[in-house]
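The chains referred to below are lettered A, B, ... by the order of the sequence lines, with proteins before strands, and numbering in each begins at 1.
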Amino acid sequence: MGRLEDALRARRDSGGHAFVPYVTGGYPGVDAGLLHRLAAAGADAIEIGIPFSDPVMDGGVIQEASAEALRAGVRPGDVLATIREAAIEAPVAVMTYVNPVVRHGISSFLDEAVAAGVAGVIVPDLPVDESSELGRESAARGVDAVLLAAPGTREERMAEIGRRSRGFVYCVATYGVTGARDRVEGTAGVVVAALRPHTDLPLLVGVGIGTPAQAAEVCAFADGAVVGSALMHRIVGGDVEGAIQLASAFRRAIPS
Amino acid sequence: MTIATTLPDARGRFGTYGGRYVPEVLIPALDELAEAWAELRADAGFRAELARLSETFVGRPTPMTRADRLSARLGYEIWLKREDLAHTGAHKINNALGQALLAKRLGKERIIAETGAGMHGVATATACALLGLPCVVYMGEEDTRRQAPNVSRMELLGAEVVPVTAGSRTLKEAVNEALRDWAASVRTTHYIIGSVVGPHPFPVLVRDLQRVIGDEARPQFSGATGGADPDVVTACVGGGSNAIGMFTAFVGTPGIRLIGVEAGGRGSRLGEHCSSLTQGHPGILHGAMSYLLQDDDGQVARTHSISAGLDYPGVGPEHAYLRDAGLAEYVSASDEDALDGFQALSGSEGIIPALEPAHVIGWLLHRPLEPGTSVLVCLSGRGDKDLDTVRASLRIS
């Protein structure tokens, strides 16, 4: 168990719910200062994206942010440098796609991530049956490799995901890619309920949570919420202050 | 007659290649598809229905033509497997029709597809019109421009064509967008992927549906030549479905060289070509491990080819396996070679080829083989769609 899981379990075991904001690393304005401000706004952990050229799990907002960061020449090492510079107390998880990790080499990618202070990794296109090497190498370094569960995931896979995930289980709220939705789908509760019997890990819901009220709604059954596109929408629009205010509003809405 | 192909394994691996690198939300549909295909590929009723439509609708078997004048000019025995004569003008219909039938069996109500040159989009729109299925085709905006006639064809066939404006606005982005649609619609929608790429079971599914090319061509060749096999079997490779379709009947046969021709574009620097197998490194794109054109950070590279159908930075995982195992060889031919091949086949044989297989002809024009070699070429499609591109290129050069 790593620092990410420690922090999220501590929040859950004290009767609270976790707030985990996501931001796209390397996007203008996403710097060490922003990570500090998100932590100060009450984030239990921060998820930061290492941009990838072909983000198939992401909707328009994060696609655009990733493309813009890459156009500006941002490299994985730059995102790690931001994390190292920020040196915040809240655990930081990096989210990226499998190809940049494999291209770099799983071991050396993790070594560099650990050196930057990374506590978790989230690779949404690395499903449980392909994840054994990343899981093993992460565990060896005290990094939590977070797996995703989704609507439609079969019972035996839910058990496998519950057993093999570390940090938390990222419960995908809805069919589809990242991006704010008008409402919380019933599928979010179904995923959480299907996982509960199989794991004691914190279960956080993400994908499609666009408003503090929606976050509060999922925290009625989940252990926390991951919020990405809603914040990035503000940042991409040039409104970093608005993103921070929204993060604070999420924190207030999510019972701590 | 043909060699049983034992790969991929149960996890969709061709050696270290293939697999399933997709968001969890797609896994149940891939499981369902793999299970359904394992049954249907051997199901007599399904096979009979596909065979009937292949004959009466697609026009199979397609003929094999000896390229007499080109053979005399180059000193080879060149035979063309005429997939350009299949309905809709390319081999793509073999896969699209089979998968559309499969989708019906699965009870799916909607079809999505990606397309590069537009041939797979047209084939899918055609199969959907035949079977009464709504169809959405994702196509890079750049490709909608350079393959405008195919956009009109798809729309006439009742499909909705969605231009994709991300990135290089070509085939890679069209696949991304189709995958995103599928993540949201997977319960009711089947994704008819257009090549032997993507997560398991797509590479094996598409191979099974395309292997009819080689399964027909091998006895055709043998019948025409008094019982011989060709010395060389060759096809162009973008994602690689026409090549796999042709190679599968021959793979592992001693004495037969299988040669895939990639798009060499306009230069050898990253971004100037689409030669994943000859210049790429192992990597993961669109759900499978294979050779991939990428930079040092694992960002997928931009590509260039004169032919939209080959303009793709990845390649089917089975090709990666065949390459590493020495079971097939891969070479590349430039844009210029393709234009030469396009004109050579048009002028000397009365066949206007698509720019994709024109790469194979262009490669042969360099006389890379021993004199007297017998060569079976997969002529994967016809060239009507490329006339504007060719005219523009020839005017510039």
Turns out that what part of B/Arg13 lies under 4.5 Å from chain A's heavy atoms comes down to side chain
Heavy atoms from other residues, nucleotides or ligands near CZ of B/Arg269 exceed 12 (cutoff 6.0 Å): no
To the nearest 0.5 Å, atom OG of A/Ser53 lies from atom CG of B/Asp297 at 10.0 Å
Here the pair of heavy atoms bringing B/Tyr21 nearest to A/Pro127 is CA-CD, 4.1 Å
Scored by heavy-atom pairs under 4.5 Å with chain B, the best of A/Ile161, A/Val172, A/Asp54 is A/Asp54
| query | Counting heavy atoms not belonging to B/Tyr321, are there more than 12 under 6.0 Å from its OH? | reply | no
Residue from A/Leu70, A/Val128, A/Val102 scoring the most non-hydrogen pairs under 4.5 Å with chain B is A/Leu70
Taking a cut-off of under 4.5 angstrom between non-hydrogen atoms, the residues of residues 177-186 of chain B near chain A are B/Glu177, B/Leu179, B/Arg180, B/Ala183, B/Ala184, B/Val186
Cut-off 4.5 Å, heavy atoms of chain A, and the answer for B/Leu26 is neither
query = Tell me, do A/Arg154 and B/Asp31 make a side-chain contact under 4.5 Å, heavy atoms counted?
reply = yes
Shortest non-hydrogen pair, A/Pro151 vs B/Val25, comes out as O-CG2, 4.2 Å
Exercise for the section: Could you tell me whether B/His304 atom NE2 has more than 12 heavy atoms of other residues or ligands within 6.0 Å of it? Expected result: yes
Taking every heavy atom of B/Pro28 against every heavy atom of A/Gly152, the minimum-distance pair comes out as CG-O, 3.0 Å
When rounded to the nearest 0.5 Å, the distance separating NE2 of B/His286 from CG of A/Asn99 is 11.0 Å
The single option from B/Leu292, B/Asp295, B/Asp296 that satisfies side-chain contact (heavy atoms from CB on, under 4.5 Å) with A/Arg103 is B/Asp296
Rounding to 0.5 Å, atoms OG1 (A/Thr187) and CZ (B/Arg187) come to a distance of 7.0 Å
- Message: Can you confirm whether more than 12 heavy atoms, excluding those of A/Arg84, are under 6.0 Å from its CZ atom?
- Response: no
Assert top hit (heavy-atom pairs under 4.5 Å, partner chain B, pool A/Gln63, A/His104, A/Met57, A/Glu64) equals A/Gln63
Closest non-hydrogen contact found for B/Gly19 with A/Glu130 is CA-OE2, 3.5 Å
Output for pair (B/Arg11 CZ, A/Asp129 CG), nearest 0.5 Å, gives 6.5 Å
Cut-off 4.5 Å, heavy atoms of chain B, and the answer for A/Pro55 is both
When rounded to the nearest 0.5 Å, the distance separating CD of B/Glu24 from OG1 of A/Thr153 is 3.5 Å
One should read off an interatomic distance between A/Arg75 CZ and B/Gln299 CD, to the nearest 0.5 angstrom, of 9.5 Å
Exercise. Within a radius of less than 6.0 Å around CD of A/Glu156, do more than 12 heavy atoms belonging to other residues, nucleotides or ligands occur?
Worked result: yes
When the 4.5 angstrom heavy-atom criterion is applied to A/Arg71 and chain B, the contacting part is neither
